[in-house]
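Chain identifiers are assigned alphabetically (A, B, ...) following the order of the sequence lines, protein sequences preceding nucleic acid strands; residue numbering begins at 1 within each chain.
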2 protein chains.
Amino acid sequence: MKPFKTTSLDIAARAGVSQSTVSRALRNSPQVSAETRRQIQRIAREMGYTVDRNASRLRAKTTSTLALLLCEDEIESHINPFFLSILSSVAHAAAGHGYDLLVTFQQLSENWVMDFQDAHRADGLILLGIRDRESYDAQLVGLEASGTPFVIWGLEHHVPGVSSYLTCQNQESARELTSHLIRLKHRHFAFVGVTSTANPEFTHRYEGYLEALASHGIETDPGLHISANSSETEGYDAVEALLANGRKVDAIVCASDLIAIGAMAALHDRGLDVPGDMAVVGYDDLPIAQHTRPALTTVRQDTELAGRKLAEHLIHLIDGQDVQPEELPVTLMIRQSCGARD
Amino acid sequence: MKPFKTTSLDIAARAGVSQSTVSRALRNSPQVSAETRRQIQRIAREMGYTVDRNASRLRAKTTSTLALLLCEDEIESHINPFFLSILSSVAHAAAGHGYDLLVTFQQLSENWVMDFQDAHRADGLILLGIRDRESYDAQLVGLEASGTPFVIWGLEHHVPGVSSYLTCQNQESARELTSHLIRLKHRHFAFVGVTSTANPEFTHRYEGYLEALASHGIETDPGLHISANSSETEGYDAVEALLANGRKVDAIVCASDLIAIGAMAALHDRGLDVPGDMAVVGYDDLPIAQHTRPALTTVRQDTELAGRKLAEHLIHLIDGQDVQPEELPVTLMIRQSCGARD
DNA sequence: CTGAAAGCGCTTACAG
DNA sequence: CTGAAAGCGCTTACAG
């Protein structure tokens with residue numbers, strides 16, 4: 001069924017050179033004369049030959065593969081579109097650098113380090129998604145011990161030469177966003193989003209929010225911080241709880257767009273108008289954010305850049321170069337849900 | 001840096017058997033006595049040994065890898081969450097069967113067959129996403145010629161022993177959904193969604209829609225079929241065009257949820273109430289569909305099942321078994337946007 | 001049931 | 001600049 005498998009020996013025979021020369025020519029080795037190289041590459045193209053990756057990897061003791069681990073909650077099985085958008089960008093970037101991308105969607109509870117330690121499936125790891133810090137930290141230690149390079153999104157974890165991280169300006173942007181709401185005359189604030197070691201990003205956003213309130217002399221009430229994971233349902237429930245406790249609120253800062261969308265649904269169901277009765281803002285700028293009504297004011301994270309940087313940092317680490325963690329810039333997207341003028 | 005690489009020879013030495021016996025024991029070969037096998041597997045576990053996949057694959061001439069190609073539009077770079085949900089399910093299923101999953105996000109224009117033909121990167125291919133039929137069909141022919149097994153979502157293409165396809169009950173469900181709207185006393189219908197050979201799924205939904213109208217004696221006006229690809233923006237623009245042409249309409253059937261979300265935004269911006277002035281229904285039941293206000297009436301495709309079936313069908317094909325294409329069942333999700341009673 | 005041996009298709013010192 | 005040769009770590013006939 002399968003056609004005859006062309007090998008480097010076939011190319012060598014056709015080109016009248018040795019198999020080693022073919023191997024060199026195809027890897028663009030400067031050892032091979034330009035003319036020989038051109039001819040060999042032409043013949044390879046004509047015969048539809050591509051290097052057998054398994055053989056190449058076995059011999060070179062490399063995998064030319066990046067692995068991406070997307071940790072997901074087992075309860076809320078619906079994955080945050082934000083991570084999927086990064087995933088897509090990582091895939092592009094990896095391909096652009098000649099790496100394959102192995103994707104694994106991991107349950108929180110599973111012990112994923114084992115898989116990648118000695119299995120020689122990938123040269124390095126990109127870690128995305130939510131996590132249970134208890135087991136997570138232990139697994140990171142295991143990863144480091146194995147010498148596997150890895151890059152994490154959204155969690156400050158840096159071991160020079162082994163691992164790095166990328167995150168975005170969570171705190172600054174949350175401060176700016178909140179300040180914008182204050183400028184729009186909102187005075188009674190609530191924050192919806194879990195803050196814990198398991199979610200440093202939300203925690204930084206909360207800190208930025210608190211800074212903005214403090215710098216404008218607005219008092220903060222711990223009862224107006226409602227915990228919620230990143231989903232519409234938890235956002236909905238959080239706002240129901242918030243409204244039930246009866247405190248005066250005129251602006252809700254949500255730790256993510258998914259939460260904000262749930263929040264807007266809850267307000268709608270209570271007959272409250274956004275932004276007339278209540279301003280709502282989110283975070284991430286998911287594609288849907290511009291299509292909700294009112295359109296959602298939020299903070300744009302550049303997922304294309306994030307994915308590209310994740311891949312590049314990992315490849316540098318694999319190549320033995322050190323990389324510095326980076327905080328990527330974000331953009332405020334002022335739309336209607338915050339009560340903007342137009 | 002990297003720890004000493006344990007090989008099957010190390011296990012053999014420790015267990016006092018030959019390397020071949022270790023290899024057999026780890027592959028659960030019935031040739032090895034139960035006791036020897038248990039002991040070898042225990043030692044392997046103790047030493048943290050895992051089979052080197054590159055060597056194993058090279059020797060066995062297999063890859064234990066499934067590839068998933070997600071074709072995306074270059075203009076609308078934001079990927080349909082529906083496909084990403086299937087992707088996640090495929091990843092789970094592949095892992096469950098001991099396969100790795102290689103993910104590639106492909107631009108429409110690229111010639112992707114080449115990559116997988118001789119590169120020995122994957123044993124088979126899953127094809128998802130939109131496509132340009134002109135080049136697509138030619139590439140499928142190339143794939144078949146190479147003998148690579150593949151499974152397609154949403155496009156009837158079946159070559160016994162080589163390829164298969166999976167789709168859902170597009171036509172029946174669109175007929176039912178439209179009939180439901182008719183039962184709710186809607187009489188003036190529009191359909192938004194591109195129908196062309198490039199998008200057989202939308203085309204089947206359109207056919208189901210037409211059947212429902214015909215069976216209730218409702219006349220169809222070609223001017224009330226507006227083309228749109230699956231995005232909020234195109235849905236928005238389509239509805240603007242629809243309203244501009246001034247015909248009486250009281251229900252819009254959208255070929256996807258993304259289109260429906262754009263449609264609802266456009267109606268909102270024109271001051272029209274959904275479902276009071278206009279019913280809107282979608283297709284896919286994206287997670288967001290239950291959180292729009294009004295919540296979106298739509299058709300649920302079981303992405304978990306779809307992903308699992310895609311992986312299983314492909315694995316069967318790889319194993320040389322024939323598989324029959326399947327049409328997966330769907331569920332009507334009646335919510336508020338159609339003007340339901342409660 | 002077990003072992004010795006060949007070989008998958010490459011890459012890379014080593015020698016010239 | 002090129003070639004002959006070794007060997008990456010397995011799997012799998014072949015022989016016993």
Side-chain angles (χ1 to χ4, degrees), chain A residues 2-41 43-44 47-65 98 100 117-123, chain B residues 2-41 43-44 47-65 98 100 117-123:
Chain A
K2 288 245 179 189
F4 173 70
K5 173 82 190 320
T6 309
T7 73
S8 54
L9 278 167
D10 301 319
I11 309 296
R14 187 85 84 98
V17 297
S18 73
Q19 183 267 332
S20 2
T21 300
V22 171
S23 176
R24 291 195 188 95
L26 294 176
R27 321 195 77 241
N28 285 314
S29 162
Q31 283 183 51
V32 179
S33 77
E35 199 196 343
T36 312
R37 197 187 329 165
R38 252 195 308 278
Q39 201 203 343
I40 289 173
Q41 294 188 343
I43 291 172
M47 299 182 73
Y49 170 77
T50 49
V51 173
D52 181 294
R53 299 170 87 98
N54 291 131
S56 156
R57 289 167 180 180
L58 171 59
R59 186 51 238 250
K61 295 188 168 235
T62 176
T63 68
S64 297
T65 301
D100 282 344
Q117 207 156 8
D118 274 86
H120 282 235
R121 298 159 87 189
D123 295 327
Chain B
K2 289 246 181 191
F4 172 69
K5 172 81 188 321
T6 310
T7 72
S8 53
L9 278 166
D10 302 317
I11 309 295
R14 187 82 86 97
V17 297
S18 73
Q19 184 267 333
S20 0
T21 299
V22 170
S23 176
R24 290 194 188 98
L26 294 175
R27 319 196 79 241
N28 285 314
S29 161
Q31 282 182 52
V32 179
S33 76
E35 200 197 345
T36 313
R37 196 188 327 165
R38 254 196 308 277
Q39 202 204 344
I40 289 172
Q41 294 188 343
I43 292 172
M47 298 182 72
Y49 169 77
T50 49
V51 172
D52 182 293
R53 299 170 88 97
N54 291 131
S56 157
R57 289 168 180 178
L58 170 59
R59 186 50 237 250
K61 296 190 165 233
T62 176
T63 67
S64 299
T65 301
D100 282 346
Q117 207 156 8
D118 274 85
H120 282 236
R121 297 159 88 190
D123 295 326

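Base pairing in DNA chain C gives the following stems of 3 or more Watson-Crick or G-U pairs, range against range and under 3.5 Å: C:1-3 with D:14-16, C:5-12 with D:5-12, C:14-16 with D:1-3.
Residue B:L26 contributes atom CG, which lies 8 Å from atom P of D:dT11 at whole-angstrom precision. Rounded to whole angstrom, the span from the CD1 atom of A:I11 across to the P atom of D:dG3 amounts to 15 Å. The nearest whole Å value for the distance from the CD atom in B:Q19 to the P atom in C:dC1 is 20 Å. Between B:D10 atom CG and D:dC10 atom C1' there is a gap of 13 Å when expressed in whole angstrom units. Note: CG (B:L58) to P (D:dC10) measures 12 Å, nearest angstrom. Taking atom CD1 of A:I40 as the reference point, atom C1' of C:dC10 lies 15 Å away to the nearest angstrom. Atom CZ of B:R57 and atom P of D:dC10 are 13 Å apart (whole Å). For A:N54 and C:dT11, the CG to P distance is 12 Å, given to the nearest whole Å.
Between the side chain of B:T63 and the backbone N or O of B:D123, at least one donor-acceptor pair lies under 3.5 Å. Of the possible polar contacts, none joining the B:T62 side chain to the B:A60 backbone as a donor-acceptor pair under 3.5 Å is found. Panel note: side chain B:T65, backbone B:D100; no donor-acceptor pair is recorded below 3.5 Å. For A:N54 (side chain) and B:N54 (main-chain N/O), no donor-acceptor pair under 3.5 Å exists by modelled atom type.
Minimum atom distance to the side chain of A:S18 is reached by D:dG3, of the listed D:dG3, C:dG9, C:dC10. Ranking D:dG9, C:dC10, D:dT2 by closeness to the A:V51 side chain, first place goes to C:dC10. If you check D:dG9, D:dT12, D:dT2 against the side chain of A:R24, the one that comes closest is D:dT2.
The side-chain heavy atoms of B:I43 and B:M47, taken from C-beta on, include a pair separated by under 4.5 Å.
Under 4.0 angstrom from either OP1 or OP2 of C:dC10 there lies at least one side-chain N or O belonging to A:Y49. The side chain of A:R59 places no N or O atom within less than 4.0 Å of a non-bridging phosphate oxygen (OP1 or OP2) of C:dT12. Listed pair B:K61 / C:dG9 meets the phosphate criterion, a side-chain N or O lying under 4.0 Å from OP1 or OP2. An OP1 or OP2 oxygen of C:dG3 is reached within less than 4.0 angstrom by a side-chain nitrogen or oxygen of B:T21. At least one side-chain nitrogen or oxygen of B:S56 sits closer than 4.0 Å to the OP1 or OP2 atom of D:dT11. Phosphate proximity of C:dT11 to A:S23: present, with a side-chain N or O under 4.0 Å from OP1 or OP2. Put simply, B:S20 has no side-chain N or O that comes within less than 4.0 Å of OP1 or OP2 on C:dG3.
With both ends at atom P, the span from D:dA13 to D:dG9 equals 23 Å, rounded to whole Å. With both ends at atom C1', the span from C:dG16 to C:dT12 equals 16 Å, rounded to whole Å.
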List the atom pairs, with distances to 0.1 Å, where a side-chain N or O of residues 34-41 of chain B and a protein N or O form a donor-acceptor pair under 3.5 Å, not counting sequence neighbours.
| unit_1 | atom_1 | unit_2 | atom_2 | d |
| --- | --- | --- | --- | --- |
| B:T36 | OG1 | B:S33 | OG | 2.5 |
| B:R37 | NH2 | B:V32 | O | 3.3 |
| B:Q41 | NE2 | B:A25 | O | 3.0 |
| B:Q41 | NE2 | B:N28 | OD1 | 3.0 |

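Side-chain contact check for A:S23 and A:S20: no donor-acceptor pair (N or O, by modelled atom type) lies under 3.5 Å.
Taking all atoms of both residues into account, the shortest heavy-atom contact from B:L26 to B:A44 is CD2-CB, 3.9 Å.
Looking at which nucleotide of DNA chain D each of B:Q31 and A:V32 is closest to, the 5′-most match is held by A:V32. When each of B:A60 and B:T36 is assigned the nucleotide of DNA chain C bearing its nearest heavy atom, the one mapping closer to the 5' terminus is B:T36.
No N or O donor and acceptor, one from the side chain of B:R53 and one from the base of D:dG9, sit under 3.5 Å apart.
Within the 4.0 angstrom heavy-atom criterion, only backbone atoms of the sugar-phosphate kind lie near B:S33; the bases stay farther away.
Interatomic distance, CD1 of B:I11 versus OH of B:Y49, reported as 7.0 Å (0.5 Å rounding).
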